[in-house]
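Here's the structure, in structure tokens; my notes come after.
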Amino acid sequence: MGGETEQDKSSETKLEAELIEAMKRRASMGTAMKSFNTVILKFPKIDESLRKCKAVFAQFDEDSNGAIDHKELKKCFEQLQVSFTEEEITDLFNACDFNQDMGIKFNEFIVLLCLVYLLKDNANGHESKSSMGMPNLEATFETFVDAFVFLDKNKDGFVSKNEMAQAINESGDRSSGKIAMKRFEEMDWDNNGSVTFKEFLFAFTNWVGIDDTDDEED
């Protein structure tokens with residue numbers, strides 16, 4: 001991971017800060033989730049919705065190389081009528097190009113769109129629902145945001161190990177406690193004891209089985 005410059009780091013920190021603020025604002029509105037099981041029950045629906053996103057990804061991957069480059073992403077934002085500055089697009093690209101290969105793979109694309117959804121949703125209040133023109137996908141993004149807000153008990157924009165444990169205990173399913181901690185470790189890849197929304201999303205796309213390799217529908 002040694003390719004990051006100081007500038008990359010500071011712009012990513014700026015983006016992280018914006019996302020945390022957006023998440024805190026969203027958390028103050030509360031969540032419809034009643035238990036962690038609600039999230040798990042939605043997996044099949046989420047999976048289906050994300051698979052449909054493959055067509056959107058393919059549409060913007062103009063050279064069909066399995067990744068969206070910076071130029072293609074800019075075009076994608078124009079078509080989705082997402083008005084971000086050049087700098088914001090670059091920051092998002094760098095933040096979501098997780099393996100830093102200068103291309104956004106399918107699972108990274110989902111994470112990126114969801115971050116855009118969170119940032120846009122907050123910028124315009126709630127009148128901007130479905131402003132990306134993908135209502136089904138946006139309903140799924142709303143589930144992600146809702147799930148994160150549900151886990152983030154102290155509304156600080158992060159999910160801690162204790163918060164994860166608390167959510168599992170409340171669900172009353174003791175056997176899932178171990179699973180939950182394993183899940184938490186999968187999410188907290190920098191091992192700092194708390195999970196950002198971006199880390200949460202990357203883990204989520206793994207859990208519901210989104211994979212770069214299954215190019216064709218089953």
Side-chain angles (χ1 to χ4, degrees), residues 10-43 45-46 49-50 77 80-85 87-89 91-92 95-96 110-172 180-181 183-184 186-190 192-205 207-208:
S10 68
S11 63
E12 184 162 338
T13 313
K14 184 173 157 234
L15 177 69
E16 292 280 343
E18 276 175 35
L19 287 165
I20 288 160
E21 278 313 305
M23 190 49 89
K24 281 183 183 168
R25 278 200 297 275
R26 184 61 186 71
S28 67
M29 297 170 200
T31 173
M33 297 263 167
K34 293 287 177 277
S35 81
F36 195 66
N37 297 348
T38 329
V39 184
I40 293 161
L41 289 173
K42 291 191 176 198
F43 273 17
K45 206 166 180 189
I46 290 168
S49 163
L50 296 182
F77 276 19
L80 296 176
Q81 298 180 326
V82 177
S83 49
F84 274 41
T85 64
E87 184 193 0
E88 285 170 327
I89 294 173
D91 289 353
L92 274 163
C96 294
I110 288 170
V111 171
L112 186 137
L113 285 184
C114 192
L115 296 181
V116 168
Y117 171 79
L118 177 67
L119 291 167
K120 263 186 81 69
D121 194 37
N122 271 276
N124 312 350
H126 273 267
E127 76 273 6
S128 67
K129 280 280 174 266
S130 191
S131 49
M132 287 154 84
M134 297 185 282
N136 287 351
L137 198 56
E138 287 170 65
T140 297
F141 291 162
E142 187 54 36
T143 303
F144 288 156
V145 173
D146 227 15
F148 192 87
V149 169
F150 171 73
L151 292 169
D152 180 16
K153 299 291 181 198
N154 68 353
K155 302 180 174 27
D156 67 349
F158 295 95
V159 170
S160 70
K161 205 166 203 165
N162 288 346
E163 286 173 328
M164 187 83 177
Q166 192 183 338
I168 297 302
N169 289 340
E170 282 171 8
S171 75
M181 285 304 116
R183 291 288 193 236
F184 184 88
E186 285 166 17
M187 286 193 276
D188 182 24
W189 61 57
D190 56 8
N192 67 351
S194 66
V195 169
T196 63
F197 188 49
K198 187 180 88 175
E199 287 178 319
F200 176 73
L201 286 173
F202 270 114
F204 222 118
T205 60
W207 299 343
V208 293

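Computed over heavy atoms, backbone and side chain alike; hydrogens, waters and symmetry mates excluded.
The closest donor-acceptor contact from the side chain of D152 to the backbone of D156 lies under 3.5 Å. Side chain of N162 to main chain of Q166: no donor-acceptor pair is present (N/O by atom type, distance under 3.5 Å, no hydrogens or angles). Counting only distance, with no hydrogens or angles, the side chain of E199 and the backbone of T196 share a donor-acceptor pair below 3.5 Å. The backbone N or O of M134 sits less than 3.5 Å from a side-chain atom of E138, completing a donor-acceptor pair. S194 places no side-chain N or O within donor-acceptor distance of the main-chain N or O of S160, the cut-off being under 3.5 Å. Panel note: side chain T143, backbone A139; a donor-acceptor pair is recorded below 3.5 Å.
Taking OG1 of T140 as the start and CG of L113 as the end, the distance is 11.5 Å to the nearest 0.5 Å. The distance from the CG atom of L115 to the NZ atom of K120 is 14.0 Å, given to the nearest 0.5 Å. Taking NZ of K155 as the start and CD of E163 as the end, the distance is 9.5 Å to the nearest 0.5 Å. Atoms NZ and CD1, from K24 and I20 in turn, are 7.0 Å apart once rounded to the nearest 0.5 Å. With rounding to the nearest 0.5 Å, the separation of CG in D146 from CE in M29 is 11.5 Å. Rounding to the nearest 0.5 Å gives a distance of 8.0 Å between OG1 of T205 and CG of L50.
Exactly one of F144, F197, F148 qualifies for a ring-ring contact (aromatic ring centres under 6.0 Å, His included) with F204. That residue is F144.
Taking the side chain as every heavy atom from C-beta outward, L112 and F77 approach each other to under 4.5 Å. For the pair L15/L92, a side-chain contact is recorded, criterion being any heavy-atom separation below 4.5 Å from C-beta on. For the pair L80/V116, no side-chain contact is recorded, criterion being any heavy-atom separation below 4.5 Å from C-beta on.
Residues F200 and F158 keep their aromatic ring centres 6.0 Å or farther apart.
The heavy-atom pair separating S49 from N136 by the smallest distance is OG-O, 3.7 Å. The shortest heavy-atom contact between A167 and L151 is CB-CD2, 3.4 Å.
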TODO: Carefully, step by step, assess V159 and M187 under the rule side-chain contact (heavy atoms from CB on, under 4.5 Å).
DONE: CA-CA 10 Å; V159 170; M187 286 193 276; 5.5 Å; no
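Taking 4.0 Å as the cut-off between side-chain N and carboxylate O, E87 and K14 count as a salt-bridged pair.
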